[in-house]
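Lettering of chains follows the sequences in order, A, B, ..., and the numbering in each one begins at 1.
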Amino acid sequence: MTERYNIKETEIKWRKAWADADAFSVTENTDKPKYYVLEMFPYPSGRIHVGHVRNYTLGDVVARYKTAQGFNVMHPMGWDAFGLPAENAAIERGAHPNKWTHENIDAMKVQLKSMGLSIDWSREFATCDPEYYAHEQRMFIKFLEKGIAYRKEAIVNWDPVDNTVLANEQVIDGCGWRTGAPVERRKLNQWSLKITDYAEELLSCLDNLDRWPEKVRLMQSNWIGKSVGLQFKWNVVGRDGQIDVYTTRPDTLFGASFIALAPDHPMSAELAKGKEGFDAFIKQCQAAGTSEAAIEKAEKIGFDTALKATHPILGREVPIYIANFILMDYGTGAVFGVPAHDQRDCDFANKYGLPILPVVLPESGIEITSEAYTGEGKLANSQFLDGLSVEDAKAEIIKRCEESDTGFGTTQYRLRDWGISRQRYWGCPIPIIYCDDCGAVPVPDEQLPVTLPEDVTFDKPGNPLVHHATWKNCDCPKCGKAAQRETDTFDTFFESSWYQFRYCDSQNENLPTDKDKAAYWMPKDGGVDQYIGGVEHAVLHLLYARFFTKAMRDCGFVVSDEPFSGLFTQGMVTHETFKDENGKWIFPTDAIKNEAGEWVHAETGAPVTIGASIKMSKSKKNVIDPEEILETYGADAARLFILSDSPPERDLEWTESGIEGAWRFVNKAFGAITSMNLHQGDENACGDNAK
RNA sequence: GCGGCCGUGGCGGAAUGGUAGACGCGCAAGACUAAGGAUCUUGUGGGAGUAAUCCUGUGGAGGUUCAAGUCCUCUCGGCCGCACCA
């Protein structure tokens, strides 16, 4: 048989050939159709992981395929370089975040290159460099002028472990998305972006994203959470106050049998003032957890204020309760309860002995006791609504309320504005100066960028910028008086929200990107042609980037409506897990089979148990190092295994036998080609000849 | 609870409504070898048969069709997302 395929020699040869030929750099070329392939850029943690290998292999296949088809392909790479791990490294090891980050970038770039990717490295950037974040500061100031950015005192989600604020999107089950620590509620002055102004466009444009997974579109749609309904007032008997309620079922108004307020509704404390048991009730509400399980089990409980409200049409009086299942931050924080047609209201009514009044009946008729009827039907016991369908009744009652000026049809969104202030050092400084006389003053353009000071220490808890007097103290740009810089930095999702535009013109010193160049790669009706990454960003990065694109468009920076016209979400890479006899996770390399075929620890010989194949993670130790794989089997075998073992959208189970099989396959192919003497006298017949 | 995705050999998984199981792993036999946990060749869904071949088979039950893994209805199982959202 012939010689074996020589990985090192071949890969080095072709990498050099590509570099010498500058094979993957592109410029705008209107003679060819363009194609923009992008994979979610990596955080420079220090080493690439298998997930990166899968992600960038998939993108590389698309890039090379489209190149072969004659497209002018842009396939860039950069670094999502701000973030907490750099600060943690500084605290733990005394490494400066900037040095640590750039060393990691250098190391990972070597690793990525060993994968044989067709990347245009001339467009590379790191988001932690002032050349990048300067443009963010300019855009932020433009957003301020346009009213897209604003400052408000708000109750925020505080992560007590990372000592910083989290966006709503970063809170999962009431816990921080990174730390898993229960979030606390704090009142802070925060910079926010008006993503809610774009709620309708973000929702309606989802319909045009036909090359996005249905799943992601649905998740975004649910996150935006649009509902259409009626908002109107109920009078409180014997008092001046009125209660504003919002409902998506105005058709059931005639079935209302109580009013319920959120415990933290401003009127709750007022109405319950001096009433026995109210404080205890509030405590009881707060004691209940916010986790899924706790909510699932939580009983509907209410506090009877002993006050009544008047039904706006019937004039009948219904009791006013304060109830634990009413949320202050949705709608108006107050509802009218219709036990017959809402399960929560039904549970509540049964508990407190309130009447159940059916007003929507199906053809067959029903009796409602403990189960609310939420289906279609005809209105009944509802005066002028009788006989109408649910849809028609909704429209009719909204019309009547608007005519009599007692209420109005309105649209609610679940989406909240994006709080972007973070109390961290390793992020983009927010370009604001606080002056006692002038208030919050944007840093003037000629003073931009506001760069991070290098000489910081991490010996005190919290943000080192707060303790850095020479950086923090400055003069007010307006009046010249002594003033202080904003010490908060942007949420790191800020950087990844617009980087797709920066690749179009990564060296531009004056603008985030050149509008014309960006319009070539990302025209109005289509952005990145194929974007590839993990599904975990479905409502974080992918929603922020869509919003940012529209905000940039409205500020005149770009023409695109949407950043990514095609999205592909790859599956995770999994691996078997191993535990020693004490139940502690061990690395797969430490588990071997002995002569008897039993799994034992490589060093101690003690028995080892094999667990399920789950997502690779350092804590479970079921990780493999891509560098070792690339060294041993080469880029072709690694890429072949990744592409052939499981469909790209599904989870990939990494196995040693799988990668060996791919390696044998590569050799068979090599043997077949060499035995046919195809490469004799023609070096280019073997290997990848992309250009 | 609501919404979505997926069920095919021992395993990962192929298959524009048209020969089910490509390719890989594993397994078996053979070759080479001092040796094989390297490499190569051949075979490999299940059942019957020396064999040609036949029967059967895509979670389960129905249906549409000349033809169903694929389309429709119901059902069972697994995974994911959201969630007291009025």
Name the pairs: protein N/O against N/O of nucleotides 5-10 of chain B, kept only if under 3.5 Å.
none

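Contacts of A/Leu218 with the nucleic acid, taken as non-hydrogen atoms under 4.0 Å apart, involve only primed sugar atoms and P, OP1 or OP2. If you check every strand for non-hydrogen atoms under 4.0 Å, A/Ile326 touches a base.
Between B/G4 and A/Arg217, no contact under 4.0 Å exists linking OP1 or OP2 to a side-chain N or O. Between A/Tyr246 and B/A86 there is no side-chain N or O to OP1 or OP2 distance below 4.0 Å.
Judged as a side-chain hydrogen bond (donor to acceptor under 3.5 Å, both in side chains), the pairs with a partner in residues 532-542 of chain A (not counting sequence neighbours) are, in order, A/Tyr531-A/His541. Residue pairs meeting the salt bridge (charged side-chain N to carboxylate O under 4.0 Å, His left out) criterion with at least one partner in residues 318-339 of chain A, sequence neighbours excluded, are absent.
Salt-bridge annotation for A/Glu402 and A/Lys399: absent, with no side-chain N of the basic residue lying under 4.0 Å from a carboxylate O of the acidic one. Under the 4.0 Å criterion applied to side-chain N and carboxylate O atoms, A/Lys351 and A/Asp347 are not assigned as salt-bridge partners.
Computed from coordinates, the A/His575 NE2 to B/G12 C1' distance equals 14 Å when rounded to whole Å. Counting to the nearest Å, the P atom of B/C82 and the CH2 atom of A/Trp223 are 8 Å from each other. Taking atom CZ on A/Phe348 and atom P on B/A86, their separation rounds to 18 Å, with Å as the unit. The interatomic distance linking A/Tyr5 (OH) with B/A38 (P) rounds to 22 Å, in whole Å. Remark: P of B/C2 and CG of A/Asn222 are 14 Å apart, rounded to the nearest angstrom. A/Gln170 has its CD atom 14 Å from the P atom of B/C82, to the nearest Å. In this structure, A/Glu536 atom CD and B/C82 atom P are separated by 12 Å, rounded to whole Å. Rounding to whole angstrom units, CG of residue A/Leu652 and P of B/C79 are separated by 20 Å.
No side-chain heavy atom of A/Gln231 sits less than 4.5 Å from a side-chain heavy atom of A/Val245.
In this entry the base of B/G9 is syn relative to its sugar, with a glycosidic angle within 90° of 0.
Along RNA chain B, the nucleotide nearest to A/Val535 and the one nearest to A/Arg344 differ in position, and the one closer to the 5' end is contacted by A/Val535. Where A/Thr332 and A/Asp651 meet RNA chain B, the nucleotide closest to each residue was compared, and A/Asp651 sits on the side nearer the 5' end.
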Determine all donor-acceptor pairs shorter than 3.5 Å in which one atom belongs to a side chain in residues 646-654 of chain A; sequence neighbours excluded.
{"from": "A/Ser646", "atom 1": "OG", "to": "A/Asp651", "atom 2": "O", "distance (Å)": "3.3"}
{"from": "A/Asp651", "atom 1": "OD1", "to": "A/Met572", "atom 2": "N", "distance (Å)": "3.0"}

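Applying the side chain to side chain donor-acceptor pair (under 3.5 Å) test to A/Arg249 and every residue at least two apart in sequence or in another chain returns A/Asp251. Among residues two or more places apart in sequence or in another chain, the side chain to side chain donor-acceptor pair (under 3.5 Å) test is passed with A/Tyr633 by A/Glu656. Residues passing the side chain to side chain donor-acceptor pair (under 3.5 Å) test with A/Asp392, sequence neighbours excluded: A/Ser389. With sequence neighbours excluded, the residues that form a side chain to side chain donor-acceptor pair (under 3.5 Å) with A/Ser617 are A/Ser619. Under the ring pair (Phe, Tyr, Trp, His ring centres under 6.0 Å) criterion, A/Phe278 pairs with A/Phe303, sequence neighbours left out. Residues meeting the salt bridge (charged side-chain N to carboxylate O under 4.0 Å, His left out) test with A/Asp625, sequence neighbours left out: A/Arg47.
Between B/G12 and B/G26, the two C1' atoms lie 11 Å apart (nearest whole Å). Across B/G63 and B/G10, the matching P atoms stand 28 Å from one another, rounded to whole Å. Nucleotides B/C25 and B/C6 have their C1' atoms positioned 22 Å apart, rounded to a whole Å. Comparing the same atom, C1', in B/A67 and in B/G17 gives a spacing of 8 Å after rounding to whole Å. The P atoms of B/G45 and B/G9 are separated by 13 Å, rounded to the nearest whole Å. The same atom, P, is picked in B/G13 and in B/G18; the two are 22 Å apart, to the nearest Å. Taking the C1' atom of each, B/U42 and B/C32 are spaced 15 Å apart, rounded to whole Å. Nucleotides B/A51 and B/U33 are separated by 36 Å at their C1' atoms, to the nearest Å.
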Inset, instruction - Mark up nucleotides 24-32 of chain B, 5' to 3', with B wherever a protein heavy atom is under 4.0 angstrom from a base atom, S wherever such an atom reaches only the sugar-phosphate, and - elsewhere. - result: SSS------
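Closest contact between the side chain of A/Pro647 and the listed nucleotides B/C82, B/A14, B/A86 involves B/A14. The A/Arg414 side chain lies nearest to B/A83 when the options are B/A83, B/A86, B/C84.
One N or O on the side chain of A/Arg217 and one on the backbone of A/Leu206 form a donor-acceptor pair closer than 3.5 Å.
Where pairing requires Watson-Crick or G-U contacts shorter than 3.5 Å, the helical stems of RNA chain B with at least three consecutive pairs are B:1-7 with B:76-82, B:10-12 with B:23-25, B:26-31 with B:39-44, B:45-48 with B:53-56, B:59-63 with B:71-75.
Ring orientation note: the planes of A/Trp234 and A/Phe336 are tilted relative to one another, at an angle of 30° to 60°.
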